[in-house]
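Note that the structure is predicted; figures quoted are calculated from it, not measured.
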Amino acid sequence: MNQVGIVGRLTKDPAMRVMNEGRIHTSFIVAVSRNYKNQKGEVETDFVLCSTWGRPAHNVSKYCTKGSLVAVTGRLHSRHYDKEDGTRVYVTEVVGDQIRFLDKRKGKEETAHRQPEPESEADFDFQPPGTEGVNV
């Protein structure tokens with residue numbers, strides 16, 4: 001089973017891209033506090049790379065900014081690529097299929113407090129990277 005759930009705050013504004021085939025992709029980093037303190041009595045924080053596709057990607061980009069409190073549920077996705085110098089870089093991220101906005105902050109384009117409309121499966125056009133043109 002590959003299922004992940006995290007709650008934390010965005011470390012910067014989300015980055016939305018429209019792909020060649022018209023699909024929307026948004027990436028963002030969530031700061032997640034651990035539920036214990038280290039030897040110095042400090043709470044440590046993990047910084048988790050997240051991404052989402054389709055309607056959730058559009059909503060994150062529209063309604064979230066740096067500091068927004070979100071809950072992300074989805075799955076882990078690992079990939080790698082080779083840099084120009086020949087070193088291999090491994091990346092693990094949470095691919096979110098459901099993003100919940102947990103605070104009442106104003107969206108980038110909104111003047112009133114408003115939550116996005118509920119998503120339906122028809123609005124979610126996720127296709128894992130590297131599977132373009134393949135029915136999954």
Engineer: Where do L49 and V91 come nearest, in terms of heavy atoms and distance?
Structural biologist: CD2-CG1, 3.7 Å

Engineer: What is the distance from atom CE of M19 to atom CD of E21, rounded to the nearest 0.5 Å?
Structural biologist: 6.0 Å

Engineer: Can you give me the closest heavy-atom contact between G67 and D103, atom names plus distance?
Structural biologist: O-OD2, 4.1 Å

Engineer: Is it true that a side-chain atom of N2 and a backbone atom of L76 form a donor plus acceptor pair closer than 3.5 Å?
Structural biologist: yes

Engineer: Dump the intermediate steps for side-chain contact (heavy atoms from CB on, under 4.5 Å) on I6 and C50, then the final yes or no.
Structural biologist: CA-CA 10 Å; I6 61 172; C50 299; 3.8 Å; yes

Engineer: Could you tell me which non-hydrogen atom of T26 sits nearest to which non-hydrogen atom of V60, and how far apart they are?
Structural biologist: CG2-CG1, 4.0 Å

Engineer: What's the spacing between T73 OG1 and Q98 CD if we round to 0.5 Å?
Structural biologist: 4.5 Å

Engineer: Is there a side-chain contact (heavy atoms from CB on, under 4.5 Å) between F101 and I99? Walk through the geometry before answering.
Structural biologist: CA-CA 7 Å; F101 308 129; I99 317 296; 3.8 Å; yes

Engineer: In Å and rounded to the nearest 0.5 Å, what is the NZ to NZ distance from K12 to K66?
Structural biologist: 10.0 Å

Engineer: Could you tell me whether the side chain of T52 and the main chain of G96 form a donor-acceptor pair under 3.5 Å?
Structural biologist: yes

Engineer: Taking everything shown except N20 itself, do over 12 heavy atoms lie less than 6.0 Å from its CG?
Structural biologist: no

Engineer: From M1 CE over to R75 CZ, what is the distance, rounded to the nearest 0.5 angstrom?
Structural biologist: 14.5 Å

Engineer: For the atom pair CZ (R55) and CG (D97), what is the distance rounded to the nearest 0.5 Å?
Structural biologist: 15.5 Å

Engineer: Can you name the residues that form a side-chain contact (heavy atoms from CB on, under 4.5 Å) with E42, not counting sequence neighbours?
Structural biologist: N38, K40

Engineer: What I'd like to find out is whether the side chain of H77 reaches to under 4.5 Å of the side chain of R79, using heavy atoms alone.
Structural biologist: yes

Engineer: Are V43 and K37 close enough, and set up right, to give a side-chain contact (heavy atoms from CB on, under 4.5 Å), and what steps lead you there?
Structural biologist: CA-CA 4 Å; V43 175; K37 295 181 180 180; 3.9 Å; yes

Engineer: Just to verify, what does D82 make a salt bridge (charged side-chain N to carboxylate O under 4.0 Å, His left out) with, not counting sequence neighbours?
Structural biologist: R88

Engineer: If you look at every heavy atom in M16 and A57, which pair is closest and at what distance?
Structural biologist: SD-O, 4.4 Å

Engineer: Considering residues at least two apart in sequence or located in another chain, which fulfil the salt bridge (charged side-chain N to carboxylate O under 4.0 Å, His left out) criterion with R34?
Structural biologist: E44, D46

Engineer: Determine yes or no for a side-chain-to-main-chain donor-acceptor pair under 3.5 angstrom, with S61 supplying the side chain and H58 the backbone.
Structural biologist: no

Engineer: Can you tell me how far CZ of F47 sits from CD1 of I29, rounded to the nearest 0.5 angstrom?
Structural biologist: 9.0 Å

